[in-house]
Amino acid sequence: MRETFRTHMGWLHSWIGFLGGLVLTAIFATGTLAVFDKEITQWMQPEVVLKAKSVTATPVALHHAAETMQAEQQQGRFAFITLPSWRDPVIRVLHYDGHEFIGPVLDPIDGHLFPARQTAGGQFFFDFHFALRSGPVLGCTIVTILGICLLVAIGSGIAIQIKAMWPDLIVFRPFGARPRAWLDAHLITGVLFLPFLIMITYTGTAIRARGILPPHPLLVAQHTEQPAQKADDRPKGGRKATAQQTDLPPPPLAPLIAEAKERLQTDKCELILFSKTEVRIFRSDEASLFLSRDMVSFSRADGHYLGTHIQKGAAAKTTQLIHGLHYARFSTRLLLWLYFVSGFACTVLMASGLVLFLIKRRKNAGNRIMFRLAEGLTLATFIGLPISIMGLFWANRLLPVNMPERLSAETDVFFALWALSCLHGVLFSMLKKPLIGWQLQITALAIMAMGVPVLDICSQTHSWLHDATRYYVLDILAFLLGISALFSLTILKRRSV
């Protein structure tokens with residue numbers, strides 16, 4: 001009975017893990033990069049000079065930001081302002097273009113505009129992780145369903161390995177026989193990072209669960225009541241008066257921010273939204289583990305206080321905790337790196353599972369078309385995705401700064417390289433030469449990854465003497481990826497002899 005149960009769990013783990021893993025590997029890889037989305041954006045906009053790690057926006061800078069926001073709104077964009085933070089010490093006036101939040105960048109001291117190039121930045125990886133760049137309905141629904149599948153795969157994996165979990169954990173054989181080495185990598189990452197994997201999968205699925213499940217009245221968040229507007233405060237003339245207020249310049253923001261901090265009892269505010277009649281200032285996501293949308297509302301006409309909105313209740317606090325744990329915006333630098341390393345380990349877990357699936361079935365099904373197709377898709381996921389990510393960084397440095405539709409061109413390079421990798425992998429697999437396909441793509445990955453720091457130096461887009469940490473870190477990580485690819489290529493050629 002027990003062996004029958006383990007057999008069924010093994011089948012469930014293998015097939016759900018492989019079919020879902022082809023996409024989940026990409027979701028976890030881009031999610032891992034999205035941990036440092038702000039820093040990646042800064043690398044991809046070298047024209048933006050970061051003068052300090054933490055700075056408070058001056059009234060002059062806030063005035064220029066408000067003017068820029070109003071100009072954006074007059075062009076039909078729903079623009080808002082993000083205030084400086086320790087991770088991103090600049091003022092940004094952003095709008096949503098359907099995939100990313102993009103817009104002008106201002107100096108927090110004097111408010112001058114940086115001539116920053118158009119780029120999706122780290123927001124590209126966040127959007128891919130969150131919605132597969134397929135929109136908030138279709139994309140998020142697919143990601144949520146895959147999250148449920150991953151929870152099933154985790155449960156079935158624990159069921160089939162629970163007895164041998166400890167012996168396999170303490171014996172790691174990276175240079176052993178190929179199936180054993182891949183299995184060890186799969187088990188060690190799965191066991192050591194199991195708490196993180198369960199937490200990040202559950203919270204990510206729960207965040208979007210309302211998109212596929214009907215809402216329950218008990219889960220509706222409770223709010224403090226907003227003071228009702230007096231008759232004299234309401235816009236007169238119906239729609240006509242409201243339309244006239246669209247062009248109203250916002251009041252001075254510095255005193256409003258100070259009052260919002262006092263009313264929210266926090267020292268950090270980060271987001272400012274503007275409607276036709278209100279200015280809403282939100283508590284910073286970095287202020288607490290509980291990621292809330294607590295805010296203070298002011299009149300856009302004269303800046304007088306309208307009300308405070310604070311989410312209360314057990315359900316609201318639980319939701320805030322789930323969001324806070326998944327997005328990790330409360331984190332210190334150390335915790336961000338722990339999230340990054342854990343996310344990378346989970347990516348390795350899924351990628352190694354794809355390879356194990358193929359190894360176990362190659363002897364009996366190696367000549368079938370579906371197997372060859374699966375191997376080609378695995379190659380595109382395992383190696384093609386990193387190649388396309390490196391291609392995105394190459395495009396950021398090589399494309400002209402003032403090129404029209406530059407943002408779209410960067411993302412087009414990413415998907416074009418990924419599509420070519422997929423076609424290349426499937427072609428060589430169908431020709432029964434998968435090993436050559438793996439060697440060629442790993443070689444391409446090594447060249448492109450090690451070329452990122454070289455290209456960064458040769459492009460001369462920034463100074464290496466001032467605030468160069470953001471460039472060193474990404475360049476070093478890319479170079480290490482290239483070295484790892486060369487090492488893997490050496491092992492692959494040695495075993496093919």
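Just so it is clear, the structure is predicted and the values come from calculations on it, not from any experiment. The first residue of the sequence shown is numbered 1, and numbering continues consecutively from there.
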Inset, instruction - Salt-bridge test for Glu270 and Arg87: reply yes if a basic N is under 4.0 Å from a carboxylate O, no otherwise. - result: no
Inset, instruction - Please determine, by modelled atom types, if Asp88 and Gln42 share a side-chain donor-acceptor pair under 3.5 angstrom. - result: yes
Legend entry - Side-chain donor-acceptor pair present, Trp43, Asn396, cut-off under 3.5 Å: no
Inset, instruction - May I ask you to decide if the ring planes of Trp15 and Trp11 are parallel, tilted or perpendicular, using 30° and 60° as cut-offs? - result: tilted
Inset, instruction - Calculate, to the nearest 0.5 Å, the distance between atoms CG and CD belonging to Leu377 and Glu375 respectively. - result: 10.5 Å
Inset, instruction - For Gln75, look at atom CD and say whether over 12 heavy atoms of other residues, nucleotides or ligands are found less than 6.0 Å away. - result: yes
Inset, instruction - State the CG-OG1 distance between Leu146 and Thr141, to the nearest 0.5 angstrom. - result: 11.0 Å
Inset, instruction - Scan residues 427-449 for pairs that pass ring-ring contact (aromatic ring centres under 6.0 Å, His included), counting only residues two or more places apart or in two chains. - result: Phe382-Trp438, His424-Phe428
Legend entry - Arg406 bridged to Asp412 by N-O distance under 4.0 Å: no
Legend entry - Least distance between heavy atoms, Gly384 atom then Ser421 atom: CA-OG, 3.0 Å
Legend entry - Within the 6.0 Å centroid threshold, strictly below: Trp337 and Phe340: yes
Legend entry - Under the side-chain hydrogen bond (donor to acceptor under 3.5 Å, both in side chains) test, residues paired with Arg397 that sit two or more places apart: Asp456
Solution key, residues 196-205 side-chain donor-acceptor pairs under 3.5 Å, sequence neighbours excluded:
| from | atom 1 | to | atom 2 | distance (Å) |
| --- | --- | --- | --- | --- |
| Thr201 | OG1 | Leu197 | O | 2.6 |
| Thr203 | OG1 | Met199 | O | 2.8 |
| Thr203 | OG1 | Ile200 | O | 3.3 |
| Thr203 | OG1 | His326 | ND1 | 3.0 |
| Thr205 | OG1 | Thr201 | O | 2.8 |

Legend entry - Salt bridge present between Asp285 and Arg293 (N-O < 4.0 angstrom): yes
Inset, instruction - Using a strict cut-off of less than 4.0 Å between a Lys/Arg side-chain nitrogen and an Asp/Glu carboxylate oxygen, indicate whether Arg329 and Glu286 qualify as a salt bridge. - result: no
Legend entry - CD1-SG distance between Ile16 and Cys149, expressed to the nearest 0.5 angstrom: 5.5 Å
Legend entry - Side-chain donor-acceptor contact under 3.5 Å, Thr41 with Gln123: no
Legend entry - Heavy-atom check, side chain of His13 versus side chain of Val152, under 4.5 Å: no
Inset, instruction - Would you give the length of the straight line joining atom CZ of Phe371 to atom CZ of Arg362, rounded to the nearest 0.5 angstrom? - result: 4.0 Å
Inset, instruction - Give, for atom CE of Met44 and atom CD of Gln118, the distance between the pair rounded to the nearest 0.5 Å. - result: 12.5 Å
Inset, instruction - Give, for atom CG of Leu417 and atom CD1 of Ile387, the distance between the pair rounded to the nearest 0.5 Å. - result: 8.0 Å
Inset, instruction - Establish, from distance only, whether the side-chain atoms of Thr119 and Gln45 form a donor-acceptor pair under 3.5 Å. - result: no
Inset, instruction - Indicate the ring-plane relationship of Phe330 and Tyr339, choosing parallel, tilted or perpendicular according to the 30° and 60° boundaries. - result: perpendicular
